Amino acid sequence: MAGSLVVVLSGGSGGGRLAFGLSRMLAATDLLVAATTGDDFEHLGLSICPAIDAALYALAGLDDPGGGHGRRDDSLVCMDSLTSLGAAGWWRLGDRDLALQVARTGRLRAGQRLSELTAELAGRLGVASPIVPMSDDPVQTRLRTDAGWIGLQDYTIRQAARPVVHEVVFAGAMAAAPHPAILAALASPRLRAVLVGPDNPFSSIDPILAIPGMRAAIAGCTAPIVAISPLAGDRTAPGPIARMLRDLGISPSAAGIARRYAHMLDGFLLEHDDAAQIAGLPIRAFAGDLATDTAEACEALARLALEVADSLIA
């Protein structure tokens, strides 16, 4: 085995749950989560960072696998009160989740860097492994739809993926700098694997790759790069990922995802039932159970992903 450090490119809840599974197997210093900030947006005057929060809550054992975002068993007293007063309630913030957003927003406006603040919040939640934003510079995923230009969360949550998507862009990406901690991890002689989380590749993982220098750093690392499909048979279709893929003229399937990633991957992990889809593609495919609905399932997926990566080294 070449090293012990695992880097996870995380675009949301899928990457967060993969990281949680890895955290049950690895030492804290052997895991780094590189979280997208393309999903970040402002709601109710608050700075919301969905992918960072997904990783924070998952690694703290506080995430809600069935809730999409936020903390498990959170109350909604404040949100319900805000909604009754006419505030937009399409992004539901539980009371404890709301407290984190208030704390983050105030400190960001006071000038604290997002990466420094994320490290502090992680420590307060008992998370030992570093969760690092892809950049401290602002980048936002924007979708050109038949309803105009909208943000990712507006598309997926408020409008329930109804508008037709014509184009995906990453505003601010070309002026952004990759976080030095991520570049250092990718260049580390300790690097064992780079795992691409099972998140939307076009709206959540691609913003990470769009930052100048990030693709080159990933391509130059000596460890294997393995992606986990976010489409697992019938479990995810016809959700926002599948609808967006169809709108962009891409097959809403594991094969469509594999083609998107093929240029950068050493291996691709997909559901057993989907394995036949990518026969003939120039990519090494591995099949397994991709469920992440329990802690044990998260760990099993993480173990399988590492086994795949290690087999590629061998």
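Computed over heavy atoms, backbone and side chain alike; hydrogens, waters and symmetry mates excluded. Residue numbers count from 1 along this sequence. Since this is a predicted model, take the numbers as computed values, not measurements.
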Visitor: Quick check for you: to the nearest 0.5 Å, what is the distance between Leu248 atom CG and Phe202 atom CZ?
Guide: 7.0 Å
Visitor: Are side-chain N/O atoms of Gln101 and Arg104 paired as donor and acceptor at under 3.5 Å?
Guide: yes
Visitor: Would you call Asp63 and Arg17 a salt bridge, taking side-chain N to carboxylate O under 4.0 Å as the test?
Guide: yes
Visitor: Check this for me: does any side-chain nitrogen of one of Asp206 and Arg260 sit under 4.0 Å from a carboxylate oxygen of the other?
Guide: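 Yes, charged N to carboxylate O under 4.0 Å.
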Visitor: Could you tell me whether Arg303 and Glu307 make a salt bridge, using a distance below 4.0 angstrom between a side-chain N and a carboxylate O?
Guide: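 Salt bridge: no.
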Visitor: Using a strict threshold of under 4.0 Å (side-chain N to carboxylate O), is an ion pair present between Asp74 and Arg96?
Guide: yes
Visitor: Run the salt bridge (Lys or Arg N to Asp or Glu O under 4.0 Å) test against Asp266 and tell me which residues pass, sequence neighbours left out.
Guide: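 Testing Asp266 for salt bridge (Lys or Arg N to Asp or Glu O under 4.0 Å), a comparison that skips the adjacent residues, returns none.
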Visitor: Do Ser204 and Leu152 have side chains that get closer than 4.5 Å, going by heavy atoms?
Guide: yes
Visitor: Is a side-chain N or O of Asp39 found less than 3.5 angstrom from the main chain of Pro50, in a donor-acceptor match?
Guide: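 Absent.
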Visitor: Between the side chains of Arg113 and Asp137, is the shortest nitrogen-to-carboxylate-oxygen separation below 4.0 Å, so that they form an ion pair?
Guide: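 Salt bridge between Asp137 and Arg113, a charged N being under 4.0 Å from a carboxylate O: no.
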Visitor: Can you check whether Val164's main-chain N or O pairs, donor with acceptor, with Asp146's side chain at less than 3.5 Å?
Guide: yes
Visitor: Say you draw a straight line from CG of Leu100 to CG of Leu125; how long is it, rounded to the nearest 0.5 Å?
Guide: 6.5 Å
Visitor: Can you tell if the side chain of Asp289 reaches within under 4.5 Å of the side chain of Glu271, non-hydrogen atoms only?
Guide: yes
Visitor: Sub-3.5 Å donor-acceptor pair from the side chain of His69 to the main-chain atoms of Arg92, do we have one?
Guide: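 Yes.
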Visitor: Decide, yes or no, whether a salt bridge links Arg142 with Glu167 under the criterion of side-chain N to carboxylate O below 4.0 Å.
Guide: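 No, no charged N to carboxylate O under 4.0 Å.
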Visitor: Restricting to salt bridge (Lys or Arg N to Asp or Glu O under 4.0 Å), what partner residues turn up for Asp30, sequence neighbours left out?
Guide: Arg190
Visitor: Pair Tyr57, Asp64 - check side chain to side chain donor-acceptor pair (under 3.5 Å), show working.
Guide: CA-CA 8 Å; Tyr57 291 146; Asp64 181 5; over 6 Å; no
Visitor: Give a yes or no on whether the backbone of Gly11 and the side-chain of Asp199 come within a donor-acceptor separation of less than 3.5 Å.
Guide: yes
Visitor: Which of these passes side chain to side chain contact (heavy atoms under 4.5 Å, CB included) with Val7: Val196, Leu31, Val33, Leu191?
Guide: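 Looking at Val196, Leu31, Val33, Leu191, the match for Val7 under the side chain to side chain contact (heavy atoms under 4.5 Å, CB included) is Leu191.
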Visitor: Given 3.5 Å as the limit, does a donor-acceptor pair link the side chain of Asp136 with the main chain of Ser115, or not?
Guide: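 Yes, the answer is positive, given that a donor and an acceptor are paired below the 3.5 Å cut-off.
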